[in-house]
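Every chain is numbered from 1, with letters handed out A, B, ... down the list of sequences.
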Amino acid sequence: MTDAPQGTTALPIQIRDLTKRYGSVHALNSVDLDVHSGEFLTLLGPSGSGKTTLLMAIAGFSRPDSGSIRFGEDEVILTPPHKREVGMVFQSYALFPHMNVADNIGFPLKLRGISGAERAARVEEALETVQLSGFGARNIDQLSGGQRQRVALARAFVFGPRILLMDEPLSALDKKLRERMQIELKHLHRKLGVTTVYVTHDQREALTMSDRVAVINDGELIQLDTPEVIYNSPANAFVADFIGESTMLPLTRDDAGALLFRGQVVGDAGTDQGRDWTLVMRPERLFFADAGAETDDQTIVLTGVLREAVFQGESEMALVAIDDDTEVAVRFGTSGRASASGSNAGDQVSIGLDRNDVIIIPDGQAV
Amino acid sequence: MARADAGGSRSGKHLHEAALKRQHAREQWSVLSLVVPAMIVIVLIILIPLSWLFYLSFLGDDGGFSLENYHKMTQYKSYYRIFVTTFQVSILTTLACIALGYPLAFFLAQLPPRWAGVFMLAVLLPFWTSLLVRTYAWLVLLQKRGILNEFAMQVGLWETPIKLVHNLTGTLIGMAHIMLPFLILPLYNAMRKIDKDMMHAAANLGANPINAFWRVYFPLSLPGMVAGSLIVFVLCLGFYVTPAVLGGGRVIMVSNHITAILENQFDWGAASALGVVLLVATTFTLYVAARLFKFDAALFGRD
């Protein structure tokens, strides 16, 4: 990687007021987004949220109705895809079946007039980077899914693009391989240093891989932040619900601005008037408290009836009914010390939540 | 089933082994029985008459085995000309179909499926009309005082009528029109199967539209084109009606000559021999094409 341009000149992407309508539906509704130079940014959203449309607009495959896309200083909104110089890994990999592995990877080099020995050397170098040395002469149909994925990746970065786009590249792999590739992609990103925009609907994948996550829904950018902030401080009910597991319960607000959950103060609305507030409880942040424990400065305690406890391998999920129509999910590890294993369905139990783990979101509807 | 259970568990080494095997065999036979009617028809109307023709072609005037029917073909130059004409018309028709059909199929493959269906109807509609009607329709259009010549002369494109029919030109126009759907259908199918991401990937990697077409799209559409071309070519080799009507006696293909032999000389041996040679030539063409283009894959959609 000494003479290759990768890693030295990653480009930032600046998107302004990008709008795309299909009929009356806004696939993208005036999206503003800055992708920093060299960062790994994930577009996360449910299917039909507009995340793929956004990626396709960056790649130049779908023509937006209006807006601006800049790579560094250059406006590219009118630039045809073959002149944008961005690498892309497709969900289907889109490897050319009539070319072997080396020809696939050499394709962008050939188009750039890099011939013979140099092309072969760079193809081999790229194969080495994705740990497929010696696979050059294979046909595409002789490769496993994971190998195809690596070839698609090598083809996308071999010509030294300063921006790399990935459209759900791991969705076709099985879970084990997917998790290994997530780590490998992260390594590769660090090595190449290239600005990367990654699309996925898998929130866990987004949290695992990204420097920052852009949550997208209904063609709008809902929240853009680091995985920790997205998870710990979701901007609204959609983000709280889409990312991680959660139980959402409505809060009431007293005259002094304190937010109450069943009479217990859980937070402060400050001067913010006339809004609805929702308490978000992550199952893994809840724990079983000792019988008779009470709410204090540190812990909020709720009591209820254990409805069901489901063993899931690495953890156990318990559903606790805190009243007739409110169930709270509690997840706990299955180590020897794990609590609640002693309780049976129907038992009275107490669950605790550290005040530091309280998540309160405005304008939310309990889902 | 109870009986099978008992029998199976006793006779097989493992539980129900024999009974399961029998069940499997029964299912296979019942599927196989579906092809029996077709097999009977094929044997009755194809294999037996073909064998009979084959046999006839080797009979001499005296009724014994003889190669004289084949010997005749090497003797007369007219036979040579007939085979040249047959292949010439077939190749030119196939090329004309590719030239007309490829852009059309490409256009159809780019359309949303609903619109493609409407346009496809335009391709298929003539296909559902009688061959003879279409051929005579061309005669009306192309003849000396036909619509095309009248129109062209009125507009001033040319002054005296151009001979568009009763020659090779007319035959090719008619045959290309009739064969076009046979090329377009498999080609369109192959094009529809090309993943849109392929062209996106090509562009993304730096290929301008022309490069992307020739390096990616065209090679991927090639199996469909070869399949379509072969169907057209093979159908052309044995074509009769259109050259007979539009060729005006000047375009004599093998089938036309076979008819002539039977009508004029009632010589079954000579006619059969021509048929056998045509069959062999066709088989040989298909074999070579299969070798060159892996065309079984193209026809049967194997990847």
Exercise. Backbone N or O of A:Val86 within a donor-acceptor pair of the B:Asn204 side chain at under 3.5 Å?
Worked result: yes
Exercise. How would you list, by chain and number, every residue that makes a side chain to side chain contact (heavy atoms under 4.5 Å, CB included) with B:Val280, sequence neighbours excluded?
Worked result: B:Val276
Problem set entry | Contacting moiety of A:Leu95, where chain B heavy atoms sit under 4.5 Å | backbone
Problem set entry | Distance, nearest 0.5 Å, that separates CZ of A:Phe90 from CG of B:Asp195 | 9.0 Å
Seminar exercise, completed: Residues pairing under salt bridge (charged side-chain N to carboxylate O under 4.0 Å, His left out) where one sits in residues 196-218 of chain B, two or more places apart or in two chains, turn out to be none
For this session: Give the member of A:Lys83, A:Met56, A:Arg112 that has the highest number of heavy-atom pairs under 4.5 Å with chain B.
Result: A:Arg112
Exercise. Non-hydrogen atoms of chain A under 4.5 Å away: do they reach the side chain of B:Asn211, the backbone, both or neither?
Worked result: side chain
Problem set entry | chain B interface, residue from A:Pro108, A:Gly60, A:Pro80 that has the most non-hydrogen pairs under 4.5 Å | A:Pro108
For this session: Could you tell me whether B:Ile210 atom CD1 has more than 12 heavy atoms of other residues or ligands within 6.0 Å of it?
Result: no
Exercise. Within a strict 4.5 Å, meaning less than it, do heavy atoms of the A:His82 and B:Pro209 side chains meet?
Worked result: yes
For this session: Give me the one residue out of B:Leu220, B:Ile194, B:Val216 that meets side-chain contact (heavy atoms from CB on, under 4.5 Å) with A:Pro97.
Result: B:Leu220
Seminar exercise, completed: Turns out that what part of B:Ala202 lies under 4.5 Å from chain A's heavy atoms comes down to both
Problem set entry | Pick from A:Arg84, A:Met88, A:Lys110 with the largest number of heavy-atom pairs that fall under 4.5 Å of chain B | A:Met88
